[in-house]
Asks: 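Handing you a structure now.
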There are 2 protein chains.
Amino acid sequence: MDMTDQQILASLKNNSRMTASDIGKRVALSVPAVSERIRKLEEAGIIEAYTVKINRVKTGHKLLAFVFVGIEHSKHIETFRTRIVACEPVLECHHLAGEYDYLLKVLVEDTSQLERFLSDTLKKLPGVVKSNTMISLSTLKENINL
Amino acid sequence: MDMTDQQILASLKNNSRMTASDIGKRVALSVPAVSERIRKLEEAGIIEAYTVKINRVKTGHKLLAFVFVGIEHSKHIETFRTRIVACEPVLECHHLAGEYDYLLKVLVEDTSQLERFLSDTLKKLPGVVKSNTMISLSTLKENINL
DNA sequence: CTTGAAAACTGAGCGAA
DNA sequence: TTCGCTCAGTTTTCAAG
């Protein structure tokens with residue numbers, strides 16, 4: 001991970017469809033050299049995935065919420081982790097230090113879907129003793145990387 | 001946005017470097033047809049960006065935190081929005097309904113950087129009256145799209 | 001959708017640090 | 001040994017029909 005690799009990562013972050021030859025012009029390297037560096041970044045697990053950022057409002061998923069979850073017994077944690085990660089509306093799941101144990105970022109179409117997720121899915125998981133939901137009114141910034 | 005477009009979006013979501021011809025095989029369409037659909041999805045703003053998911057730990061950004069922020073007067077909101085979005089460590093900024101006004105997702109290298117962000121940047125913004133920081137111990141799931 | 005020209009990618013072999 | 005280059009063959013893209 002030298003300076004050139006960081007420039008390549010920055011280029012891909014801005015546009016992952018950028019061609020190796022375009023990146024090569026930026027970092028003054030030949031096409032095979034750039035391809036090889038990208039391959040190694042993938043192999044090392046530094047590049048985890050190539051993806052697109054999709055406009056949620058335009059695809060009908062209008063309701064973004066953050067849900068704090070408290071778990072009661074440590075014996076329930078493994079089940080909770082496995083089950084919650086498999087939930088489609090759960091975009092993110094972070095283990096927290098503090099009052100609550102987990103923070104979920106949940107994306108649904110409307111409030112009725114959110115209600116169903118909270119009542120039918122989340123609260124029925126073993127060990128879930130409390131939760132606290134906050135609705136996002138709007139999103140000003142949302143990057144996945146630094 | 002018909003079924004085919006959704007399949008194309010799903011393909012790009014899984015791997016944004018996938019070629020149009022590979023996508024074409026999945027959706028039974030010719031290469032120019034796929035390219036044209038992608039172009040229209042970009043034009044419509046449904047595809048907002050192509051990007052990579054980078055492993056944070058391996059690039060030295062080890063500390064992820066969520067910061068709730070309360071703002072005092074509405075006159076300060078515009079300044080706060082502009083300034084906070086420009087902050088490099090701030091990955092996300094959501095406007096919330098509830099006790100706090102904003103939720104920030106902040107990525108830094110270590111606790112000293114976090115301290116500097118909270119003390120030197122956030123708390124010096126006009127109107128910031130309270131904040132509440134939660135450290136992420138680990139991340140189980142982190143998608144940008146549904 | 002098909003087609004053909006231009007551009008890009010891949011892999012091998014070679015040379016320099 | 002590692003890294004990058006050039007070259008040749010193949011694939012992909014792009015725009016015209």
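Values reported hereafter were calculated over all heavy atoms of this structure, with side chains retained and with hydrogens, waters and symmetry mates removed. All chains are named by letter (A, B, ...) in the order of the sequence lines, taking the proteins before the strands, and each is independently numbered beginning at 1.
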Asks: Let me know the distance between CD1 of Ile23(A) and C1' of dA7(C), rounded to the nearest Å.
Replies: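 Atom CD1 in Ile23(A) sits about 16 Å away from atom C1' in dA7(C).
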Asks: Starting the side chain at C-beta, find the nucleotide from dT10(C), dT12(D), dA8(C) nearest to Thr19(A).
Replies: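 Output: dA8(C).
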Asks: Given dC3(D), dC9(C), dT13(D), identify the nucleotide with an atom nearest to the side chain of Lys40(A).
Replies: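 Ranking dC3(D), dC9(C), dT13(D) by closest atom to the Lys40(A) side chain puts dC3(D) first.
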Asks: Provide, to the nearest angstrom, the distance between the CG atom belonging to Asp2(A) and the P atom belonging to dG4(D).
Replies: 8 Å
Asks: Quick check: do Leu125(A) and Thr79(A) have side-chain heavy atoms less than 4.5 Å from each other?
Replies: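 When only atoms from C-beta onward are counted, Thr79(A) and Leu125(A) do not touch, as no gap falls below 4.5 Å.
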Asks: Rounding to a whole Å, what distance do you find between Arg37(A):CZ and dT10(C):P?
Replies: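 Going from Arg37(A) (CZ) to dT10(C) (P), I get 16 Å.
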Asks: Closest approach to the side chain of Ala20(A), judged atom by atom: which nucleotide of dC3(D), dT12(D), dC9(C) is it?
Replies: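 Ranking dC3(D), dT12(D), dC9(C) by closest atom to the Ala20(A) side chain puts dC9(C) first.
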Asks: What is the distance, to the nearest angstrom, from the CD atom on Glu36(A) to the C1' atom on dC3(D)?
Replies: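 Atom-to-atom, Glu36(A) to dC3(D), this comes out as 9 Å.
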Asks: Before you tell me yes or no, could you show the steps for His95(A) and Tyr102(A) under ring pair (Phe, Tyr, Trp, His ring centres under 6.0 Å), namely the whole-Å CA-CA distance, both residues' side-chain angles and the distance that decides it to 0.1 Å?
Replies: CA-CA 5 Å; His95(A) 187 194; Tyr102(A) 289 92; 4.8 Å; yes
Asks: For Ser21(B) and dT12(D), is the shortest distance between a side-chain N/O and OP1 or OP2 below 4.0 Å?
Replies: yes
Asks: Which whole-number value in Å describes the distance from Lys25(B) NZ to dT11(D) P?
Replies: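 So the NZ-P distance, Lys25(B) to dT11(D), works out to 10 Å.
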Asks: Rounded to whole angstrom units, what separation is found between the CE atom of Met18(A) and the P atom of dA8(C)?
Replies: 12 Å
Asks: If I take atom CZ in residue Arg39(A) and atom P in nucleotide dT10(C), what distance separates them, rounded to the nearest angstrom?
Replies: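 Distance, rounded to whole Å: 11 Å.
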Asks: Of Asp22(A) and Ser30(B), whose closest DNA chain C nucleotide lies nearer the 5' terminus?
Replies: Ser30(B)
Asks: Given Arg56(A), which partner from the list Glu109(A), His61(A), Glu142(A) fulfils the side-chain hydrogen bond (donor to acceptor under 3.5 Å, both in side chains) test?
Replies: Glu142(A)
Asks: For Pro32(A) and for Arg17(A), locate the closest nucleotide of DNA chain D by heavy-atom distance; then report the residue assigned to the nucleotide nearer the 5' terminus.
Replies: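 Closest to the 5' end, via its nearest nucleotide, is Pro32(A).
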Asks: What is the distance, to the nearest angstrom, from the CD atom on Glu43(A) to the P atom on dC3(D)?
Replies: 12 Å
Asks: Please tell me whether Phe66(B) and Val57(B) are part of a single hydrophobic cluster in this structure, the criterion being side-chain heavy atoms less than 4.5 Å apart.
Replies: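 No; Val57(B) is not reachable from Phe66(B) via cluster members.
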Asks: So do the side chains of Thr121(A) and Glu88(A) get within less than 4.5 Å of each other, counting heavy atoms only?
Replies: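 The answer is no; the side chains never approach within 4.5 Å.
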